[in-house]
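No experiment lies behind these values; they were computed from the predicted model shown. Just follow the structure's listing: the first ligand is 1, and inside any ligand the first atom is 1.
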Amino acid sequence: MDFETIKAKADKYFMATYGRFNAAPEKGKSATLTDSEGRKYIDFTSGIGVNSLGYADAAWVDAVAGQASKLQHISNLYYNEPSALLAEKLCEMAGFEKVLFCNSGAEANECAIKIARKYSFDHYGEGRGKVITLVNSFHGRTMATLAATGQDVFHNYFFPFPEGFAYAEANNLDALKEAVDDTVCAVVMEPIQGEGGVMPLDKEYVKAAAEFLAQKDILLIFDEVQTGVGRTGKLYAWEHFGVKPDILTSAKGLGGGLPIGACLAGEKCANVLTKGTHGTTFGANPVVCAGALQVLERLTPEFLTKVRAKGEYFKSQLLKIDGIKSVRGEGLMLGAELERGTAADVAAKCVEKGLLVLTAKTLLRFLPPLVITYDEIDEGMEILKNVIENN
Ligand SMILES: *Cc1c(COP(=O)(O)O)cnc(C)c1O
(Lines give C-alpha, C1' and ligand atoms only; values in the text may rest on other atoms or scores of the structure.)
Protein backbone atom coordinates (compact mmCIF):
# COMPACT_ATOMS: atom_id res chain seq x y z
CA MET A 1 0.00 0.00 0.00
CA ASP A 2 1.36 3.48 -0.81
CA PHE A 3 2.02 6.01 1.92
CA GLU A 4 -0.87 8.36 1.11
CA THR A 5 -3.42 5.51 1.32
CA ILE A 6 -2.12 4.37 4.70
CA LYS A 7 -2.14 7.92 6.00
CA ALA A 8 -5.68 8.60 4.75
CA LYS A 9 -7.07 5.49 6.44
CA ALA A 10 -5.27 6.17 9.72
CA ASP A 11 -6.31 9.81 9.77
CA LYS A 12 -9.91 8.85 9.08
CA TYR A 13 -10.27 6.12 11.71
CA PHE A 14 -7.75 6.78 14.50
CA MET A 15 -8.74 9.05 17.37
CA ALA A 16 -6.40 11.94 16.70
CA THR A 17 -4.26 11.72 19.86
CA TYR A 18 -0.98 11.99 17.96
CA GLY A 19 0.59 14.45 15.58
CA ARG A 20 2.41 12.06 13.26
CA PHE A 21 5.42 12.45 11.01
CA ASN A 22 5.02 11.63 7.33
CA ALA A 23 6.54 8.16 7.29
CA ALA A 24 5.14 4.63 7.40
CA PRO A 25 8.08 2.25 7.69
CA GLU A 26 7.28 -1.25 6.50
CA LYS A 27 10.31 -3.26 7.51
CA GLY A 28 13.83 -2.95 8.78
CA LYS A 29 17.17 -4.49 9.60
CA SER A 30 19.44 -3.34 12.42
CA ALA A 31 18.69 0.42 12.71
CA THR A 32 17.69 0.93 9.08
CA LEU A 33 14.07 1.02 7.91
CA THR A 34 12.39 1.07 4.51
CA ASP A 35 8.84 1.92 3.51
CA SER A 36 6.58 0.41 0.86
CA GLU A 37 7.77 2.94 -1.72
CA GLY A 38 11.44 2.15 -1.20
CA ARG A 39 12.32 5.16 0.95
CA LYS A 40 15.02 4.47 3.54
CA TYR A 41 15.24 5.78 7.10
CA ILE A 42 18.01 5.59 9.69
CA ASP A 43 16.31 5.10 13.04
CA PHE A 44 17.56 7.11 16.03
CA THR A 45 14.33 6.39 17.96
CA SER A 46 13.79 2.60 18.38
CA GLY A 47 10.06 3.36 18.36
CA ILE A 48 10.59 5.47 21.50
CA GLY A 49 13.24 3.35 23.18
CA VAL A 50 11.59 0.01 22.50
CA ASN A 51 13.47 -1.89 19.78
CA SER A 52 16.63 -2.60 21.80
CA LEU A 53 17.90 -5.17 19.30
CA GLY A 54 16.85 -3.11 16.28
CA TYR A 55 14.74 -4.62 13.52
CA ALA A 56 14.54 -8.25 12.40
CA ASP A 57 17.16 -9.46 14.85
CA ALA A 58 17.45 -13.13 13.85
CA ALA A 59 17.58 -14.66 17.35
CA TRP A 60 14.76 -12.44 18.66
CA VAL A 61 12.57 -13.26 15.64
CA ASP A 62 13.25 -16.99 16.15
CA ALA A 63 12.38 -16.79 19.86
CA VAL A 64 9.15 -14.89 19.25
CA ALA A 65 7.99 -16.75 16.16
CA GLY A 66 8.95 -20.10 17.67
CA GLN A 67 6.90 -19.41 20.80
CA ALA A 68 3.96 -18.03 18.78
CA SER A 69 3.83 -21.26 16.83
CA LYS A 70 3.63 -23.30 20.05
CA LEU A 71 1.58 -21.46 22.68
CA GLN A 72 0.65 -17.80 22.31
CA HIS A 73 -1.17 -17.27 25.61
CA ILE A 74 -2.36 -19.24 28.59
CA SER A 75 -3.14 -16.68 31.37
CA ASN A 76 -1.69 -16.40 34.84
CA LEU A 77 -3.93 -19.20 36.11
CA TYR A 78 -1.29 -21.61 34.79
CA TYR A 79 2.48 -21.65 34.58
CA ASN A 80 4.41 -21.06 31.37
CA GLU A 81 8.09 -21.69 30.75
CA PRO A 82 9.17 -18.47 28.96
CA SER A 83 7.74 -16.29 31.74
CA ALA A 84 9.37 -18.41 34.47
CA LEU A 85 12.73 -18.20 32.68
CA LEU A 86 12.31 -14.46 32.18
CA ALA A 87 11.36 -13.85 35.82
CA GLU A 88 14.46 -15.72 36.96
CA LYS A 89 16.77 -14.01 34.47
CA LEU A 90 15.45 -10.51 35.16
CA CYS A 91 15.52 -10.84 38.96
CA GLU A 92 19.01 -12.37 38.91
CA MET A 93 20.46 -9.83 36.47
CA ALA A 94 18.83 -6.78 38.05
CA GLY A 95 19.37 -7.92 41.64
CA PHE A 96 15.77 -8.01 42.84
CA GLU A 97 13.75 -10.66 44.68
CA LYS A 98 10.49 -10.74 42.79
CA VAL A 99 8.82 -9.39 39.68
CA LEU A 100 5.31 -8.74 38.42
CA PHE A 101 4.87 -8.65 34.65
CA CYS A 102 2.33 -6.38 32.98
CA ASN A 103 2.00 -4.77 29.58
CA SER A 104 3.32 -1.21 29.66
CA GLY A 105 5.30 1.35 31.56
CA ALA A 106 2.22 3.02 33.00
CA GLU A 107 0.97 -0.31 34.31
CA ALA A 108 4.33 -1.10 35.86
CA ASN A 109 4.15 2.25 37.66
CA GLU A 110 0.56 1.57 38.77
CA CYS A 111 1.82 -1.66 40.28
CA ALA A 112 4.67 0.16 42.05
CA ILE A 113 2.21 2.66 43.53
CA LYS A 114 -0.06 -0.15 44.70
CA ILE A 115 2.86 -1.97 46.33
CA ALA A 116 4.02 1.21 48.07
CA ARG A 117 0.55 1.98 49.42
CA LYS A 118 -0.09 -1.56 50.57
CA TYR A 119 3.34 -1.82 52.17
CA SER A 120 2.53 1.31 54.10
CA PHE A 121 -0.97 0.15 54.97
CA ASP A 122 0.33 -3.22 56.19
CA HIS A 123 2.90 -1.54 58.47
CA TYR A 124 1.32 1.75 59.48
CA GLY A 125 -2.40 1.53 58.68
CA GLU A 126 -4.43 4.10 56.76
CA GLY A 127 -3.46 7.71 56.06
CA ARG A 128 0.07 7.14 54.80
CA GLY A 129 -0.57 6.71 51.09
CA LYS A 130 0.82 9.87 49.53
CA VAL A 131 3.38 9.47 46.75
CA ILE A 132 5.91 12.21 46.01
CA THR A 133 7.20 12.50 42.46
CA LEU A 134 9.57 15.01 40.90
CA VAL A 135 8.67 18.16 39.04
CA ASN A 136 9.06 17.63 35.28
CA SER A 137 8.68 13.86 35.58
CA PHE A 138 6.70 11.58 33.29
CA HIS A 139 5.12 8.38 34.58
CA GLY A 140 2.40 7.43 32.09
CA ARG A 141 -1.08 8.09 30.77
CA THR A 142 -3.42 6.16 33.06
CA MET A 143 -5.32 8.24 35.62
CA ALA A 144 -2.97 7.51 38.52
CA THR A 145 0.23 7.84 36.51
CA LEU A 146 -1.02 11.12 35.00
CA ALA A 147 -1.58 12.37 38.53
CA ALA A 148 1.92 11.10 39.38
CA THR A 149 3.41 12.98 36.44
CA GLY A 150 4.92 16.21 37.76
CA GLN A 151 3.93 18.48 34.88
CA ASP A 152 0.84 20.71 34.97
CA VAL A 153 0.12 20.26 31.25
CA PHE A 154 -0.86 16.66 31.98
CA HIS A 155 -3.34 17.65 34.68
CA ASN A 156 -6.13 18.78 32.40
CA TYR A 157 -9.57 17.73 31.11
CA PHE A 158 -9.88 14.43 32.92
CA PHE A 159 -10.92 15.65 36.37
CA PRO A 160 -11.19 14.38 38.99
CA PHE A 161 -7.66 12.98 39.17
CA PRO A 162 -6.80 10.42 41.84
CA GLU A 163 -5.55 12.11 45.00
CA GLY A 164 -2.46 11.33 47.01
CA PHE A 165 0.28 12.77 44.81
CA ALA A 166 2.59 15.72 45.43
CA TYR A 167 5.64 17.04 43.61
CA ALA A 168 9.12 18.10 44.66
CA GLU A 169 11.74 19.88 42.58
CA ALA A 170 14.37 17.49 41.22
CA ASN A 171 17.95 17.68 42.52
CA ASN A 172 16.80 19.72 45.51
CA LEU A 173 17.11 17.80 48.77
CA ASP A 174 15.51 20.55 50.84
CA ALA A 175 12.46 20.54 48.59
CA LEU A 176 12.17 16.78 49.02
CA LYS A 177 12.50 17.03 52.80
CA GLU A 178 9.84 19.72 52.84
CA ALA A 179 7.44 17.62 50.76
CA VAL A 180 7.83 14.60 52.99
CA ASP A 181 5.50 14.35 55.97
CA ASP A 182 3.96 11.47 57.89
CA THR A 183 1.38 10.86 55.16
CA VAL A 184 4.03 9.87 52.57
CA CYS A 185 4.73 6.25 51.65
CA ALA A 186 7.02 6.57 48.64
CA VAL A 187 9.06 8.80 46.36
CA VAL A 188 9.31 8.10 42.63
CA MET A 189 12.24 9.23 40.48
CA GLU A 190 13.42 8.74 36.93
CA PRO A 191 17.24 8.48 37.11
CA ILE A 192 17.29 10.53 33.91
CA GLN A 193 14.03 12.31 33.17
CA GLY A 194 13.22 11.30 29.61
CA GLU A 195 10.11 13.05 28.35
CA GLY A 196 10.99 15.98 30.61
CA GLY A 197 14.02 16.78 28.44
CA VAL A 198 16.76 14.20 29.16
CA MET A 199 17.51 15.63 32.62
CA PRO A 200 19.86 13.45 34.69
CA LEU A 201 19.57 13.46 38.47
CA ASP A 202 22.67 14.41 40.50
CA LYS A 203 24.45 11.51 42.13
CA GLU A 204 24.81 13.34 45.46
CA TYR A 205 21.11 14.21 45.50
CA VAL A 206 20.04 10.64 44.83
CA LYS A 207 22.37 9.26 47.50
CA ALA A 208 21.29 11.77 50.12
CA ALA A 209 17.61 11.35 49.24
CA ALA A 210 17.87 7.56 49.49
CA GLU A 211 19.46 7.81 52.95
CA PHE A 212 16.87 10.29 54.17
CA LEU A 213 13.97 8.17 52.91
CA ALA A 214 15.37 4.91 54.27
CA GLN A 215 15.50 6.40 57.77
CA LYS A 216 11.79 7.12 57.57
CA ASP A 217 10.91 3.80 55.91
CA ILE A 218 9.61 5.70 52.89
CA LEU A 219 10.05 3.60 49.78
CA LEU A 220 12.26 4.74 46.92
CA ILE A 221 10.84 3.83 43.52
CA PHE A 222 12.83 4.26 40.32
CA ASP A 223 10.84 4.59 37.15
CA GLU A 224 13.32 3.04 34.73
CA VAL A 225 10.76 2.56 31.99
CA GLN A 226 12.95 4.61 29.64
CA THR A 227 16.41 4.36 31.26
CA GLY A 228 16.33 0.58 31.76
CA VAL A 229 17.49 -2.46 29.84
CA GLY A 230 20.90 -1.19 28.78
CA ARG A 231 19.70 2.15 27.46
CA THR A 232 22.20 4.19 29.51
CA GLY A 233 25.03 1.66 29.17
CA LYS A 234 24.16 -0.16 32.40
CA LEU A 235 21.43 -2.78 32.73
CA TYR A 236 19.55 -0.29 34.93
CA ALA A 237 20.52 3.31 35.47
CA TRP A 238 20.52 3.09 39.29
CA GLU A 239 23.92 1.44 38.87
CA HIS A 240 25.34 4.84 37.88
CA PHE A 241 24.39 6.18 41.32
CA GLY A 242 25.12 3.11 43.41
CA VAL A 243 21.66 3.55 44.95
CA LYS A 244 19.36 0.59 44.52
CA PRO A 245 15.68 1.47 44.83
CA ASP A 246 13.16 -0.57 46.83
CA ILE A 247 11.02 -0.90 43.71
CA LEU A 248 12.03 -0.54 40.08
CA THR A 249 9.78 -0.34 37.03
CA SER A 250 10.85 -1.34 33.55
CA ALA A 251 9.11 -1.51 30.18
CA LYS A 252 9.97 0.11 26.83
CA GLY A 253 13.15 -1.72 25.77
CA LEU A 254 12.49 -4.88 27.76
CA GLY A 255 10.48 -6.77 25.14
CA GLY A 256 12.61 -5.76 22.18
CA GLY A 257 9.45 -4.53 20.45
CA LEU A 258 6.61 -6.38 22.14
CA PRO A 259 4.53 -4.87 24.95
CA ILE A 260 5.78 -5.77 28.40
CA GLY A 261 6.13 -3.99 31.70
CA ALA A 262 7.83 -5.26 34.82
CA CYS A 263 7.65 -4.13 38.42
CA LEU A 264 10.62 -5.42 40.42
CA ALA A 265 10.74 -5.47 44.19
CA GLY A 266 13.64 -5.98 46.58
CA GLU A 267 13.53 -7.76 49.90
CA LYS A 268 11.38 -5.17 51.66
CA CYS A 269 8.49 -5.30 49.20
CA ALA A 270 8.83 -8.73 47.63
CA ASN A 271 5.78 -10.18 49.39
CA VAL A 272 3.51 -7.15 49.69
CA LEU A 273 1.20 -8.18 46.86
CA THR A 274 -0.57 -11.37 47.80
CA LYS A 275 -3.10 -13.63 46.14
CA GLY A 276 -5.95 -11.62 44.63
CA THR A 277 -4.46 -8.17 45.29
CA HIS A 278 -3.33 -7.59 41.70
CA GLY A 279 -3.72 -9.22 38.33
CA THR A 280 -3.54 -8.95 34.57
CA THR A 281 -4.91 -10.99 31.70
CA PHE A 282 -2.06 -10.41 29.27
CA GLY A 283 0.87 -10.00 31.67
CA ALA A 284 3.57 -12.71 31.48
CA ASN A 285 2.39 -13.63 27.99
CA PRO A 286 4.74 -16.38 26.72
CA VAL A 287 5.45 -14.84 23.29
CA VAL A 288 6.31 -11.48 24.80
CA CYS A 289 8.39 -13.14 27.51
CA ALA A 290 10.30 -15.22 24.95
CA GLY A 291 11.25 -11.98 23.18
CA ALA A 292 12.25 -10.27 26.42
CA LEU A 293 14.34 -13.27 27.44
CA GLN A 294 16.27 -12.97 24.20
CA VAL A 295 16.86 -9.26 24.87
CA LEU A 296 18.25 -9.99 28.35
CA GLU A 297 20.42 -12.84 27.09
CA ARG A 298 22.12 -10.41 24.74
CA LEU A 299 22.79 -7.72 27.37
CA THR A 300 26.13 -9.13 28.49
CA PRO A 301 28.75 -6.90 30.14
CA GLU A 302 30.59 -6.78 26.76
CA PHE A 303 27.40 -5.66 25.02
CA LEU A 304 26.88 -2.91 27.62
CA THR A 305 30.49 -1.77 27.18
CA LYS A 306 29.75 -1.37 23.48
CA VAL A 307 26.60 0.63 24.24
CA ARG A 308 28.67 3.04 26.34
CA ALA A 309 31.31 3.35 23.61
CA LYS A 310 28.67 3.99 20.95
CA GLY A 311 27.05 6.53 23.25
CA GLU A 312 30.35 8.40 23.60
CA TYR A 313 30.87 8.33 19.85
CA PHE A 314 27.28 9.45 19.21
CA LYS A 315 27.70 12.35 21.64
CA SER A 316 31.03 13.44 20.12
CA GLN A 317 29.52 13.44 16.62
CA LEU A 318 26.55 15.51 17.79
CA LEU A 319 28.87 18.06 19.35
CA LYS A 320 30.65 18.49 16.00
CA ILE A 321 27.44 19.80 14.41
CA ASP A 322 27.34 23.55 14.06
CA GLY A 323 24.01 24.53 15.64
CA ILE A 324 24.03 22.06 18.54
CA LYS A 325 24.69 23.96 21.75
CA SER A 326 25.03 21.08 24.20
CA VAL A 327 24.40 17.37 24.63
CA ARG A 328 23.31 15.55 27.78
CA GLY A 329 22.33 12.04 28.82
CA GLU A 330 24.03 8.67 29.25
CA GLY A 331 24.80 5.82 26.90
CA LEU A 332 22.33 5.80 24.03
CA MET A 333 19.83 8.06 25.77
CA LEU A 334 20.89 11.50 24.62
CA GLY A 335 19.38 14.93 24.20
CA ALA A 336 20.75 17.85 22.19
CA GLU A 337 20.00 21.50 22.75
CA LEU A 338 19.74 23.53 19.55
CA GLU A 339 21.14 27.00 18.97
CA ARG A 340 18.37 27.97 16.58
CA GLY A 341 15.06 26.68 15.25
CA THR A 342 12.76 24.27 17.05
CA ALA A 343 13.38 20.61 17.70
CA ALA A 344 9.97 19.72 16.22
CA ASP A 345 10.85 21.48 12.97
CA VAL A 346 14.26 19.79 12.77
CA ALA A 347 12.69 16.39 13.47
CA ALA A 348 10.13 16.87 10.67
CA LYS A 349 12.85 17.92 8.20
CA CYS A 350 14.96 14.91 9.19
CA VAL A 351 12.10 12.56 8.35
CA GLU A 352 11.90 14.08 4.86
CA LYS A 353 15.63 13.38 4.44
CA GLY A 354 15.47 9.83 5.79
CA LEU A 355 16.23 10.07 9.50
CA LEU A 356 13.91 9.41 12.45
CA VAL A 357 14.64 11.43 15.60
CA LEU A 358 12.64 12.25 18.72
CA THR A 359 12.07 15.44 20.62
CA ALA A 360 11.67 16.07 24.34
CA LYS A 361 10.53 19.55 25.31
CA THR A 362 12.88 21.88 23.34
CA LEU A 363 15.51 19.19 22.79
CA LEU A 364 16.21 16.72 20.05
CA ARG A 365 16.24 13.30 21.69
CA PHE A 366 18.02 10.15 20.56
CA LEU A 367 17.18 6.59 21.61
CA PRO A 368 18.68 4.50 18.78
CA PRO A 369 18.56 0.69 18.85
CA LEU A 370 21.34 -0.55 21.15
CA VAL A 371 22.70 -2.59 18.22
CA ILE A 372 23.02 0.40 15.89
CA THR A 373 26.26 0.16 13.87
CA TYR A 374 28.86 2.91 13.59
CA ASP A 375 28.06 3.13 9.86
CA GLU A 376 24.40 3.72 10.67
CA ILE A 377 25.32 6.36 13.25
CA ASP A 378 27.50 8.10 10.63
CA GLU A 379 24.80 7.92 7.98
CA GLY A 380 22.14 9.36 10.30
CA MET A 381 24.52 12.00 11.63
CA GLU A 382 25.25 13.22 8.09
CA ILE A 383 21.52 13.82 7.53
CA LEU A 384 21.14 15.52 10.91
CA LYS A 385 24.15 17.74 10.23
CA ASN A 386 22.74 18.85 6.88
CA VAL A 387 19.32 19.62 8.32
CA ILE A 388 20.64 21.54 11.33
CA GLU A 389 23.37 23.44 9.53
CA ASN A 390 20.96 24.56 6.80
CA ASN A 391 18.22 25.47 9.25
C1 LIG B 1 7.27 5.93 28.40
C2 LIG B 1 7.33 6.11 29.86
C3 LIG B 1 6.28 5.69 30.69
C4 LIG B 1 4.97 5.16 30.15
O5 LIG B 1 5.14 3.96 29.49
P6 LIG B 1 3.93 3.37 28.59
O7 LIG B 1 4.46 2.04 28.14
O8 LIG B 1 3.73 4.33 27.48
O9 LIG B 1 2.75 3.26 29.46
C10 LIG B 1 6.45 5.82 32.04
N11 LIG B 1 7.59 6.31 32.57
C12 LIG B 1 8.61 6.72 31.80
C13 LIG B 1 9.85 7.23 32.45
C14 LIG B 1 8.52 6.64 30.42
O15 LIG B 1 9.54 7.06 29.66
Could you tell me whether F282 atom CZ has more than 12 heavy atoms of other residues or ligands within 6.0 Å of it?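 No, not enclosed.
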Can you confirm whether more than 12 heavy atoms, excluding those of K353, are under 6.0 Å from its NZ atom?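 No, NZ of K353 has 12 or fewer neighbouring heavy atoms, counting only those of other groups under 6.0 Å.
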Between T145, V225, N109, I260, which one has a non-hydrogen atom sitting closest to atom 3 (C) of ligand 1?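 Considering heavy atoms of T145, V225, N109, I260, the nearest to atom 3 (C) of ligand 1 sits in V225.
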Within-4.5 Å side-chain heavy-atom neighbours: F222 and E190: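 A side-chain contact is absent here, since even the closest heavy-atom pair is not under 4.5 Å.
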Looking only at heavy atoms, is any part of K252 under 4.0 Å from ligand 1, and if so is it the side chain, the backbone, or both, or is it neither?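 Side chain only; the backbone of K252 stays clear of ligand 1.
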Between N390 (side chain only) and N386 (backbone N and O only), is there a donor and an acceptor less than 3.5 Å apart?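 Checking the backbone N and O of N386 against the side chain of N390, a donor-acceptor pair under 3.5 Å is found.
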Identify, for atom 11 (N) of ligand 1, the protein heavy atom at the shortest distance, and state residue, atom and that distance.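 Of the protein heavy atoms, D223 OD2, 2.7 Å lies nearest.
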Distance under 4.0 Å to a non-hydrogen atom of S104: what atoms of ligand 1 satisfy this?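 Checking each atom against S104, I get 7 (O), 9 (O).
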For ligand 1, which atoms have a heavy atom of A106 less than 4.0 angstrom away?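 Heavy-atom distances to A106 below 4.0 Å select 4 (C), 5 (O), 6 (P), 9 (O).
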Mind checking whether [X] has an N or O less than 3.5 Å away from an N or O of ligand 1?
| X | result |
| --- | --- |
| E190 | no |
| F138 | yes |
| G105 | yes |

Could R117 and F165 be counted as a cation-pi pair, given that NZ or CZ must be under 6.0 Å from the ring centre and within 45° of the axis?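 Yes, a cation-pi geometry holds between R117 and F165.
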